Amino acid sequence: MPELPEVETVVRLIRPRLTGRKMIGARFSVPRQLRPQTPDSVRRAVRCQVVSRVQRRGKYILIDLDKGTLLVHLRMTGRLYVRSSGKPHDAHERAFFDLDDGCTLVLNDSRTLGTIRYFSKKKLPAQIQRLGWEPLEETPGPDQVRDIFRRRTLAIKPLLLDQSLWAGIGNIYASEILWDATINPQKRASQLTREEIRRLIDSVPRILRHALECGGTTLRNFADPDGKSGSYQDEFRVYGRDGETCLRCGGVIVRIVQAQRSTYYCKKCQKMRQNICGKEKGEIV
DNA sequence: CATTACCTGCAA
DNA sequence: TTGCAGGTAATG
């Protein structure tokens, strides 16, 4: 479930069930997910601590305790939920934090790429410090974005996946945002026009907010133990729609690969545009 | 900058 | 059997 809208949805679901609860134990079946820490050290660190706050930064989940913070990243297949006592287990549950009310905070992660680590207060890890704008809270100015893009020759789509610009955009929403902003995903960031940058800055929070209102995206029939699932997949304009028709212009949606990841866009309305000055460098039609 | 590694599960 | 999947860090 892991782009910003999905992570925020998870945080909102677990927050009321965690806040004020004391952790009385912890178990981990894949020690690698805690690296460079160990199951023993994390278990000892969290034991008897009370959850004071649950937050999100980019795609990271921060579970604040009295004396430190648990940092969880779901990566590709991670799911985080609070299970009531007696409810059935699942084969892919990898980490368990037992709470004083009998419930358990569970990390379910089939590919085991998700990460958990504990850090004591005051020292925010580098991963968090490197993150860029929080899309739902701050909107960068066009000149600021232009200054950054000016120096970047990378295509705009893979650049949107760079968490040091906007934090929380992933592979699905990058395509959806660029469709919304009517920008060709292969266009180099340095070649974006002032107008395209303006539309991009506008589209980023609007698409992510809309997805959040839908409860995020649920792909591949993920069964949520709470019976909750997002519906944004019904709102997709381009993602996974290759061969289908563009809902804006009737053009064909195509799939390409950029930086080893799928990108979807409309070949007609997201075509590389001409400048007033003529064809742009690197144009691919 | 691009490529690879880290993993498992499912569909083509 | 291969390729692909909502991500990031570590390599050349």
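It should be emphasised that the depicted structure is a prediction, and the values quoted were computed from it without experimental measurement. All values below were derived from every heavy atom in this structure, side-chain atoms included, with hydrogens, water molecules and symmetry-related copies excluded.
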Q) Under 3.5 Å, is there a donor-acceptor pair between the side chain of A/Arg27 and the main chain of A/Phe96? A)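 Side chain of A/Arg27 to backbone of A/Phe96: no pair is present.
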How many Å lie between [atom1] on [X] and [atom2] on [N], as a whole number?
{"X": "A/Ile116", "N": "C/dT8", "atom1": "CD1", "atom2": "P", "answer": "16 Å"}
{"X": "A/Asp162", "N": "B/dA2", "atom1": "CG", "atom2": "P", "answer": "13 Å"}
{"X": "A/Leu219", "N": "B/dA11", "atom1": "CG", "atom2": "P", "answer": "13 Å"}
{"X": "A/Tyr264", "N": "C/dC4", "atom1": "OH", "atom2": "P", "answer": "10 Å"}
{"X": "A/Leu161", "N": "B/dC1", "atom1": "CG", "atom2": "P", "answer": "14 Å"}
{"X": "A/Leu154", "N": "B/dA2", "atom1": "CG", "atom2": "C1'", "answer": "10 Å"}
{"X": "A/Gln33", "N": "C/dG7", "atom1": "CD", "atom2": "P", "answer": "17 Å"}
{"X": "A/Gln258", "N": "C/dA5", "atom1": "CD", "atom2": "P", "answer": "13 Å"}

The side chain of [X] is closest to which nucleotide in this list: [options]?
{"X": "A/Arg255", "options": "C/dA9, B/dA2, C/dA5", "value": "C/dA5"}
{"X": "A/Pro2", "options": "C/dC4, C/dA9, C/dG7", "value": "C/dG7"}
{"X": "A/Gln163", "options": "B/dT3, C/dT8, C/dG7", "value": "C/dT8"}

Sugar-phosphate, base or nothing in reach of [X], heavy atoms under 4.0 Å:
{"X": "A/Gln260", "value": "base"}
{"X": "A/Thr115", "value": "nothing"}
{"X": "A/Tyr60", "value": "sugar-phosphate"}

Q. A/Arg117 and side chain to side chain donor-acceptor pair (under 3.5 Å): which partner among A/Gln33, A/Gln37, A/Gln127?
A.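 Checked A/Gln33, A/Gln37, A/Gln127 against A/Arg117; only one passes side chain to side chain donor-acceptor pair (under 3.5 Å): A/Gln127.
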**Q.** Pairwise P distance, B/dC7 and C/dT11 [rounded to whole Å]
**A.**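 Per the computed distance, 14 Å lies between those P atoms.
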Scan nucleotides 5-9 of chain B against the protein and return all N/O pairs shorter than 3.5 Å with their distances rounded to 0.1 Å.
| from | atom 1 | to | atom 2 | distance (Å) |
| --- | --- | --- | --- | --- |
| B/dC7 | OP1 | A/Arg32 | NE | 2.3 |
| B/dC7 | O5' | A/Arg32 | NH2 | 3.4 |
| B/dC7 | O2 | A/Arg111 | NE | 2.7 |
| B/dC7 | N3 | A/Arg111 | NH2 | 3.1 |
| B/dT8 | O4' | A/Ser110 | O | 3.4 |
| B/dG9 | OP1 | A/His92 | NE2 | 2.8 |

(Q) For A/Ile172 and A/Leu219: C-alpha separation, side-chain torsions, deciding distance, then whether side chain to side chain contact (heavy atoms under 4.5 Å, CB included) applies. (A) CA-CA 11 Å; A/Ile172 289 180; A/Leu219 250 34; 3.7 Å; yes
Q. Of all residues at least two apart in sequence or in a different chain, which pass the side chain to side chain donor-acceptor pair (under 3.5 Å) check with A/Glu244?
A.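 Scan of A/Glu244 (side chain to side chain donor-acceptor pair (under 3.5 Å), adjacent residues dropped) gives A/Arg241.
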Between [Y] and [X], is there a side-chain donor-acceptor contact under 3.5 Å, judged purely by atom types and distance?
{"X": "A/Ser164", "Y": "A/Asp162", "answer": "yes"}
{"X": "A/Arg83", "Y": "A/His89", "answer": "yes"}
{"X": "A/Tyr264", "Y": "A/Gln270", "answer": "no"}

For the pair [X] and [Y], find out whether any cationic side-chain nitrogen is under 4.0 Å from an anionic carboxylate oxygen.
{"X": "A/Arg209", "Y": "A/Glu213", "value": "no"}
{"X": "A/Glu176", "Y": "A/Arg237", "value": "no"}
{"X": "A/Arg194", "Y": "A/Asp143", "value": "yes"}

Q. Using Watson-Crick and G-U wobble pairs with both distances under 3.5 Å, what is the 5'-to-3' dot-bracket string of DNA chain B, with [ ] for crossing pairs and | for pairs outside the strand?
A. ||||||.|||||
**Q.** Qualifying ring pair (Phe, Tyr, Trp, His ring centres under 6.0 Å) pairs, either residue in residues 156-184 of chain A, two or more places apart
**A.**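 Only A/Trp133-A/Trp166, A/Tyr173-A/Tyr232 qualify under ring pair (Phe, Tyr, Trp, His ring centres under 6.0 Å).
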Q) Got a sec? Which of residues 205-213 of chain A come in under 4.0 Å of DNA chain C, heavy atoms? A)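 The stretch gives none, as no residue of it lies under 4.0 Å from the strand.
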Using only side-chain N and O atoms of [X], determine if any of them is under 4.0 Å from OP1 or OP2 of [N].
{"X": "A/Thr77", "N": "C/dA5", "answer": "no"}
{"X": "A/Arg261", "N": "C/dA5", "answer": "no"}
{"X": "A/His73", "N": "C/dG7", "answer": "no"}

(Q) Suppose we screen for side chain to side chain contact (heavy atoms under 4.5 Å, CB included). Which residues come up paired with A/Thr115, at least two apart in sequence or across chains? (A)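 Per chain and number, A/Thr115 pairs via side chain to side chain contact (heavy atoms under 4.5 Å, CB included) with A/His73, A/Arg75.
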Q: Answer with yes or no whether the hydrophobic clustering places A/Leu161 together with A/Met76; edges join I, L, V, M, F, W, Y residues whose side-chain heavy atoms lie under 4.5 Å apart.
A: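 Looking at the clustering, A/Met76 is in a separate group from A/Leu161.
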